[in-house]
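Since the structure comes first, as structure tokens, the remarks are kept for the end.
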Amino acid sequence: ARGLYDKLSKRWNVQWDSAGAIGRRYRRADEVGTPFCITVDFETIEDDNAVTIRDRDTTEQVRIPLDEVIPYLSKAIDGY
């Protein structure tokens, strides 16, 4: 998780939040206008090496491999 955070922070403004339940984290992120939340969970670490990305505006969640996170966000944020 920290490695992904470090990679993302080189390109975008990112914030680390590990306090409380995931629903509360989503609400906090929504309140400050965070467009995407990335969740690293036990499945990420132990099973599939993928993360969940949640879109603030649609609340849609997609599960994608770690190596596809930056291309996914580049397209969603930067348009390419």
Side-chain angles (χ1 to χ4, degrees):
R2 188 57 77 170
L4 178 60
Y5 173 85
D6 291 341
K7 288 179 185 176
L8 294 174
S9 66
K10 291 178 183 174
R11 184 152 182 192
W12 297 289
N13 292 323
V14 295
Q15 181 179 3
W16 181 279
D17 185 354
S18 59
I22 189 64
R24 289 188 184 117
R25 285 185 234 161
Y26 285 154
R27 280 193 297 277
R28 282 194 298 271
D30 290 349
E31 287 175 2
V32 296
T34 305
F36 297 97
C37 291
I38 301 172
T39 303
V40 176
D41 55 21
F42 291 111
E43 284 182 39
T44 303
I45 298 165
E46 296 178 0
D47 189 29
D48 64 2
N49 208 35
V51 296
T52 302
I53 299 181
R54 177 183 178 269
D55 183 305
R56 175 199 62 212
D57 296 336
T58 64
T59 68
E60 176 185 345
Q61 297 183 14
V62 294
R63 190 140 181 100
I64 62 171
L66 279 171
D67 61 348
E68 294 179 22
V69 171
I70 291 176
Y72 177 89
L73 291 175
S74 289
K75 185 171 183 180
I77 296 169
D78 303 325
Y80 54 88

dist Arg54:CZ -> Ile38:CD1 (nearest 0.5 Å) comes out at 13.0 Å

Between the CD atom in Gln61 and the OG1 atom in Thr39, the distance rounded to the nearest 0.5 Å is 7.0 Å

Could you pull out every donor-acceptor pair under 3.5 Å between side chains of residues 69-77 and any protein atom, sequence neighbours left out?
| residue | atom | partner | partner atom | Å |
| --- | --- | --- | --- | --- |
| Ser74 | OG | Arg11 | NH1 | 2.8 |
| Ser74 | OG | Arg11 | NH2 | 3.2 |
| Ser74 | OG | Ile70 | O | 2.9 |

Contacts of Arg56 meeting side chain to side chain donor-acceptor pair (under 3.5 Å) (sequence neighbours excluded), chain-then-number -> none

Rounded to the nearest 0.5 Å, the CZ atom of Arg28 sits from the CD atom of Gln15 at a distance of 8.5 Å

Can you tell me if Asp17 uses its side chain to pair, donor with acceptor, with the backbone of Ala19 under 3.5 Å?
yes

Checklist entry - Hey, is CG on Asp57 packed in by over 12 heavy atoms from elsewhere, all under 6.0 Å? => result yes

When every non-hydrogen atom of Ala29 is compared with those of Cys37, the smallest separation belongs to CB-SG, 3.4 Å

Distance col, row Thr52:OG1 vs Asp41:CG, nearest 0.5 angstrom, shows 5.5 Å

Worksheet entry | Path from Val51 to Ile22 over hydrophobic side-chain contacts below 4.5 Å | no

So ring-ring contact (aromatic ring centres under 6.0 Å, His included) across residues 4-36, not counting sequence neighbours, yields Tyr5-Trp16

In Leu8, Asp6, Leu4, the residue satisfying side-chain contact (heavy atoms from CB on, under 4.5 Å) with Val14 is Leu8

